[in-house]
Chemist: 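My questions will all concern the structure given below.
Scope of the values below: all heavy atoms of this structure, side chains included, with no hydrogens, waters or symmetry mates. Fair warning: this is a prediction, and the values are worked out from it, not measured in the lab.
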Amino acid sequence: MKKVFPLLLSLLIISINTIAQTTVDTTVPMADKLREDGKIWVVVVVIAVVFAGIAINMLRLESKVGKIEKELKIK
């Protein structure tokens, strides 16, 4: 606990400092162009497919590990 508190405090101070330095202009020209063309949804779908693939892979690995644990009788 003694080591965690100073770390959290320093991270909080750093984050407040970086938030204070952000600019008011937060527009991204590339994102605006994608929104205008309707292609932003392609980006969203691709990201969703990637995350779904990762989740499916993790579930498959979990079931395989469970089967191996049952074979070895490990709890």
Side-chain angles (χ1 to χ4, degrees):
M1 183 67 184
K2 292 181 182 181
K3 292 182 181 179
V4 175
F5 182 71
L7 178 65
L8 289 176
L9 184 62
S10 63
L11 289 175
L12 179 65
I13 291 171
I14 290 170
S15 66
I16 289 173
N17 190 22
T18 56
I19 290 171
Q21 293 179 0
T22 59
T23 60
V24 176
D25 186 23
T26 59
T27 60
V28 180
M30 180 183 69
D32 291 337
K33 179 68 174 155
L34 285 173
R35 281 189 205 102
E36 288 173 8
D37 295 342
K39 294 181 181 179
I40 193 73
W41 295 111
V42 175
V43 175
V44 171
V45 168
V46 168
I47 291 172
V49 167
V50 168
F51 281 128
I54 291 171
I56 290 169
N57 191 28
M58 289 176 63
L59 290 173
R60 284 182 49 230
L61 285 174
E62 178 64 30
S63 67
K64 288 180 181 181
V65 168
K67 288 178 184 177
I68 293 172
E69 286 177 346
K70 283 182 182 179
E71 288 177 6
L72 298 175
K73 296 183 169 93
I74 298 174
K75 266 195 166 180

Chemist: Under a single-linkage definition using a 4.5 Å side-chain heavy-atom cutoff for Ile, Leu, Val, Met, Phe, Trp and Tyr, are F51 and W41 assigned to the same hydrophobic cluster?
Modeler: yes

Chemist: Roughly how far apart are E62 CD and E69 CD, rounded to 0.5 Å?
Modeler: 7.0 Å

Chemist: V44 and I47: same hydrophobic cluster, using ILVMFWY side-chain contacts below 4.5 Å?
Modeler: yes

